[in-house]
Amino acid sequence: MKYFILLCDGAADEPLKELGEKTPLEYAHTENMDRIAGGFTGMVRNVPQGMEPASDIANMSILGYDPKKYYTGRAPLELAARNIPLKENDVAYRCNFVTIENEVMKDYSAGHLSTEESEKLVAVLNENTDSGWRFFPGVGYRNLLIWEGGDVVSITPPHDISDKHILPFLPKGELLMVMEKLHPLLRNHPVNLRRRKKGLNEANYIWLWGGGKKPSFPPFKEKFKKTGAMVSAVDLMRGIARLIGFKVMDVEGATGFIDTNYKGKVEAAFKALEDVDLVYIHVEAPDEAGHMGDVELKIRAIELFDKEVVERVLDFSQDKEVRILLLPDHPTPIVLKTHTANPVPFAIWDSRKDKGKRGLFNEKSGKTIVEEGYRLLPDFLFKES
Ligand SMILES: [Zn+2]
C-alpha cells in the first residue's frame, strides 16, 4: 500500500455573502476532490485548543505528532529546514529586522530589505554580541539566532503588532538589552543611511520571537512503521520533515504561490514513492490568497490544486493499492485574512473500494469530528473501514 497526503494550505473558509453563502471550497469546481470525498469524510481539529493556529502546529498534527507534546517553537523548525544543528541546551529564535519609530512597530519586515543588505547587518549583530549568540542570515528580513544556554521567552511575532506601541510586547532581561544595544549600531550603519536617503523603512531594530529548544520527535518510521517524503516549497514544512526523518524532495519552480510548478511537485512525489511508503504534497497557494483576502484568487488556487494535483494523483492511483488523505491544515478565512483554529474537512480514499464513487469535499459535508488531529493519521494508515 502507498499513501498520499494532499494538503491544500488554508483552503477551508466560512460561508461568504458574495458566493451566495457558500464557502470557497463549496463554490469552486472540484470534481477530483469530490471523487476523493466518495470515500470517508469528516472534520478534523488540527490546532489543539489553546494553541496558536499556525501552519507548523496544524501540519504536525496531520503527521501524527501531538503538538502539545512535541511543539517547541517556530525557530527550531526553521533552523532544521536550513540544516543548522541546534544543541540540547541552546535556544533558537527568529530574528526579524524591523522598523520601529516612536516606539511603534511600523514595519515587521523593515521594508522587505534585500538579502544582501540583511547579510551586512547580520555581520554587525555577530560582531557586537558575545560568542554565545550566533546570528544566521536568511532570506531578506527573516534571520535566525542561536543563543547558547539561553532562555525561552514567549514574544509576540512582529507581524501581529503592526502599528502598535511596542512597550507591552518587549521582552525583559538579556534579550531586551541586546535589542537596545544593537539599535544605534543598526541605525547608523551605511545600509540604513542609504535606505533613509531613499525614503525606505530602516532596519533599525531586531525583533526576536518564535523561540524554542530543539524538539525531540520520535522518527516517523519508528512511530508508524512507514517511511515518508515531503514535497513542499515552505521552509517550516521542510524543517518538520527533516526532524521526523522524511526525505525532503527538491522541485524546481516550487514557489509557494499560485504559479508554483504543480506538475513538478506531483512528479517528485511519484518518484519519491519508488522508495518510501507515504508522500506529503503541500501546496501553499490557497493560504496566500486567504491572507490577501482575495476570494477569486482563492477559488482559482483551489481549482488549480484540484486539477493539477488531485487529478494527477487519482490517475496514478487507479491501478495500484493506494490510500489518499485530502485536507487543509487550518482555515484561512477571506474575511479575517488570517488563520483560525476551527476544524477542517478531510476525506480518505482507498483505491480498493472507492473508485468511481463521488461525494462533496467542503466544510459542511463531513459528519464525524476528529477532535484531536494527530489521531487521524494512524486511522488513515491502518484502519480498515
Ligand atoms: Zn497553513
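For clarity, every value in this text was computed on a predicted model and none was experimentally measured. Counting convention: from 1, in listed order, for ligands and their atoms alike.
Minimum-distance N/O/S atom of Asp329 relative to the Zn ion (ligand 1): OD2. Per residue Asp9, closest N, O or S atom to the Zn ion (ligand 1): atom name OD1.
You'll find the ring centres of His159 and Trp207 outside the 6.0 Å limit. Tyr374 and Tyr65 have their aromatic ring centers separated by at least 6.0 angstrom.
Taking the Zn ion (ligand 1) as the apex, the angle formed with NE2 of His330 and OG of Ser55 is 100°, to the nearest 10 degrees.
Looking only at distances, a side-chain donor or acceptor of Asn128 sits under 3.5 Å from a matching main-chain atom of Val124.
Stacking of Lys320 on the aromatic ring of Phe316 is recorded, both the 6.0 Å distance cut-off and the 45° axial limit being met.
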